[in-house]
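As structure tokens, the structure follows; a few thoughts come after it.
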Amino acid sequence: MKLMKTLCCALLICCFTTGITVAQHARIKIDLDRTIGEVSPLIYGNFAEHLGRCIYGGIFDPDNKLSDKDGYRLDVMKAVKELHPTIVRYPGGNFVSNYNWLDGVGPKADRVPRLELAWYTLETNQFGTNEFIKYAREIGTEPYITVNMGTGTIEEARRWVEYCNVKDGPYYAELRKTHGFPEPYNVKYWALGNEVDGPWQMGHLSAEDYAKKAKEAAKLMIRTSPQIKMIGAGASNYREGSDPDHWNQTVLAELKDDIDYLSLHMYVGNPDSNYYNFIATPLMLEKRTKIAKGMIDRVMATANRPGRDPIYIAWDEYNVWYRARRGASATGRNALEEHYNLEDALVIAGFLNAFVRNADVVKMANMAQLVNVIAPIFTSETGMFKQTIFYPVEMFANNFYGTSLNVFVDCKKYDTEKFSLGLGETTTQLTDVPYLDVSATYKDGEVTLCVVNRNKDEAITTDILSQNGAFSGDFKVSEINGSTLKTMNDFGKENIKTVVKPSLKAGSNTITYTFPAHSITMLKGKVAK
């Protein structure tokens, strides 16, 4: 025993003196009988707001030689299709709280420019409802419209539904036909306003006043188009002095028979350059998800919803956003143009893991936003590039479907320091943060895992065990990583992307793999059930 201790000490001394990092060892257990819920394809959604260069100069750029006859940027459209957004939210965001949808329909020569008060620009209204629906059809996504619950009226909201969803007869259905669109769009998803709990919002309301207005709007909208799904505005204001739990409880209690989703928003950042605090922030989203789920479970006990699903959660705004958030970088034509690095991509993968792990209640998620504005795609007049955060979203949207599995993970953990998500939010501290962040899905005999190694310095060798039957065949391996945590992409410089690694040969109930430091890894292969 004394000899063994001596040898171990010698080995450790050798490792430290030669600069070799001793890898951690961990276990992941997959049990196909331990399930969470079906993964909704709608968690791979996105968001397009009239803000900065998201619409104008991003999606829509009619004077650019890279655009088609309808003004859509073809290079952007190609990248969007690779991203495979299943649902796209429109037209806001803060923008919608002072927007009249009628300004954006009809002959373009007759559309009146308006002063845009959310982001301090001139809105030309050359892109509106019909242009958005046509774009949604081109990229193969589900359109999702947010109505104005700020300065707008409940009748304006109802008329918008009529314009989009009623075939013929009433005035606004016939108006759509005169605009050249004879068939209804049948838009299924409609949100009752945006962030109405926030004092920054035009038309900000108390929880009680919002719930009353939203309930009456929902009544009119559903009577106009009975098959639509309604999304109620949940809490977005977590600043000091706010009461997000009261807001959510009030909205759910009043709208429990009317809405199908509760909308939640969250942005995170790393202004203090504290990597381990930042990389753990998706766990805050998961914590807020569980709190909201408990509130939903409580109101469902007294809800009157015959033949309908329970209320689900829609994280219809989420992203990393902190560099371009204040001052001149937050307004004007080039507003909110964040440039993302590897650690931002790791956080986005953490969000996606959290959505999959909560597949029983999170049934929609929309990254904010699609192009240029805190976005995975960035353009210039002559080209575009895919930001680092593009790749985890692409990985999930093209691979993670089926049943979410309740995965057991045994690995080392750490505690964060006290930190704030920013913009006046109260401080928090997270304990027992696992270095391996894992989600898994099962579909058609295949299991797919995403493993984020949060450790910025050490690889983690991991035994992946099947509790049901043997893994078989070749396991595909893909990885997103880079030379440093601050590595970014740029025009002509794709430093961070998804790289296909050598496949693993499987023939037993255990696979062993070493996950590199600060990496996102997808493993995909067959397992017996």
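Comment: R159 does not engage E156 in a salt bridge, judged by the lack of any side-chain N to carboxylate O separation of less than 4.0 angstrom. The residues D297 and K293 are annotated as salt-bridged, a charged nitrogen and a carboxylate oxygen being separated by less than 4.0 angstrom. Using a 4.0 Å cut-off between charged side-chain N and carboxylate O, D260 and R308 make a salt bridge. One finds no salt bridge joining E208 and K213 here, because no Lys/Arg side-chain nitrogen approaches an Asp/Glu carboxylate oxygen to under 4.0 Å.
Aromatic ring centres of Y442 and Y401: separated by at least 6.0 Å. Taking the six-membered ring for Trp and the full ring otherwise, the centers of Y210 and H204 sit at least 6.0 Å from each other. Here F60 and Y135 keep their ring centres 6.0 angstrom or further from each other.
No side-chain heavy atom of T151 sits less than 4.5 Å from a side-chain heavy atom of N100. The shortest side-chain heavy-atom distance between K363 and L42 does not fall under the 4.5 Å cut-off. Contact of the V268 side chain with the Y322 side chain is not registered, since no non-hydrogen atoms from C-beta on lie closer than 4.5 Å. When side chains are defined from C-beta on, L405 counts as touching T35, because their heavy atoms get closer than 4.5 Å. A heavy-atom distance below 4.5 Å is not found between the side chains of R333 and W119. Contact annotation: the side chain of L352 never approaches that of M367 to less than 4.5 Å [non-hydrogen atoms, C-beta and beyond]. The side-chain heavy atoms of P271 and R325, taken from C-beta on, include no pair separated by under 4.5 Å.
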query = Could you walk me through whether N148 and T153 pass the side chain to side chain contact (heavy atoms under 4.5 Å, CB included) check?
reply = CA-CA 7 Å; N148 180 353; T153 67; over 6 Å; no
request  = Output, in order, the C-alpha distance, side-chain angles, deciding distance and verdict of side chain to side chain donor-acceptor pair (under 3.5 Å) for Y56 and E123.
outcome  = CA-CA 10 Å; Y56 304 111; E123 173 53 51; 2.6 Å; yes
Full working for side chain to side chain donor-acceptor pair (under 3.5 Å) between N165 and K188 = CA-CA 9 Å; N165 286 10; K188 184 176 181 180; over 6 Å; no
request  = Assess whether side chain to side chain donor-acceptor pair (under 3.5 Å) is satisfied between Q201 and S97, documenting all intermediate values.
outcome  = CA-CA 7 Å; Q201 202 71 204; S97 292; 2.7 Å; yes
ask   = Does the pair T428 and M284 meet the rule for a side chain to side chain contact (heavy atoms under 4.5 Å, CB included), with working shown?
value = CA-CA 9 Å; T428 189; M284 286 299 299; 3.8 Å; yes
message = Working note: K386 + N489, criterion side chain to side chain donor-acceptor pair (under 3.5 Å); need CA distance, chi angles, decisive distance, verdict.
response = CA-CA 7 Å; K386 300 167 186 174; N489 291 346; over 6 Å; no
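Looking at T281, its side chain never comes within 3.5 Å of a backbone N or O of L421 through a donor-acceptor pair. Judged by distance alone, with hydrogens and angles left aside, the side-chain atoms of N319 form a donor-acceptor pair with the main-chain N or O of I374 at under 3.5 Å. Side-chain atoms of R158 never come within 3.5 Å of backbone atoms of L220 as a donor-acceptor pair (strictly under, hydrogens ignored). Here the side chain of N372 pairs no donor or acceptor atom with the backbone of F378 at under 3.5 angstrom. Remark: the backbone N or O of A233 is not paired with any side-chain donor or acceptor of S263 at under 3.5 angstrom. Checked by atom type and distance alone, the side chain of N98 never pairs as donor or acceptor with a backbone atom of G150 at under 3.5 Å. N341 places a side-chain N or O within donor-acceptor distance of the main-chain N or O of D344, the cut-off being under 3.5 Å. Under the 3.5 Å distance criterion, the side-chain polar atoms of Q369 are matched with a main-chain donor or acceptor of E49. In this structure, R176 contributes its side chain and K167 its backbone to a donor-acceptor pair below 3.5 Å. In this structure, the side chain of S242 does not engage the main chain of P244 through any donor-acceptor pair within 3.5 Å.
A donor and an acceptor atom, one from each side chain of R357 and S404, are nowhere located under 3.5 Å apart. Side chains of N353 and D437: a donor on one and an acceptor on the other come within 3.5 Å. Under the 3.5 Å distance criterion, with hydrogens and angles disregarded, a donor-acceptor pair is assigned to the side chains of T403 and E38. Under 3.5 Å, the side chains of E174 and H179 contain no donor-acceptor pair of N or O atoms. In this model, a donor atom of one side chain and an acceptor atom of the other lie less than 3.5 Å apart for H265 and E195. Residues N358 and E286 have side chains that bring a donor and an acceptor to within less than 3.5 angstrom of each other. Side-chain atoms of S67 and D61 include no donor-acceptor pair closer than 3.5 Å. If you check the side chains of T302 and K256, you find a donor sitting under 3.5 Å from an acceptor. Donor-acceptor pairing under 3.5 Å is recorded for the side chains of N194 and N94.
Between the CG atom in D243 and the CG atom in D197 there is a gap of 10.5 Å [rounded to 0.5 Å]. Taking CD of E317 as the start and OG1 of T146 as the end, the distance is 8.5 Å to the nearest 0.5 Å. For the atom pair OG1 of T129 and NZ of K134, the computed distance is 15.0 Å after rounding to the nearest 0.5 Å. Note that the CH2 atom of W190 and the CD1 atom of I222 stand 12.5 Å from one another [nearest 0.5 Å]. Once rounded to the nearest 0.5 Å, the distance linking CG of D316 with CE of M266 reads 14.5 Å. The CD atom of E338 sits 7.5 Å away from the CG atom of L336 when rounded to the nearest 0.5 Å.
More than 12 heavy atoms of other residues, nucleotides or ligands lie within 6.0 Å of CZ in F491, so this atom counts as buried by the packing criterion. Within a 6.0 Å sphere centred on CZ of R137, heavy atoms belonging to other residues, nucleotides or ligands number more than 12.
Y189 does not carry R89 over the face of its six-membered ring by the limits of under 6.0 Å from the centre and within 45° of the normal. A cation-pi arrangement is present between R288 and Y238 under the rule of less than 6.0 angstrom and at most 45 degrees off the ring axis.
Ring geometry, H50 versus F95: the interplanar angle falls under 30°, so the pair is classed parallel (tilted spans 30 to 60°). Ring orientation note: the planes of W101 and Y172 are nearly perpendicular, at an angle over 60° on the 30°/60° scale. Relative orientation of the F351 and Y318 rings is perpendicular, given thresholds of 30° and 60° on the angle between their planes.
With sequence neighbours excluded, no residue satisfies side-chain contact (heavy atoms from CB on, under 4.5 Å) with P226.
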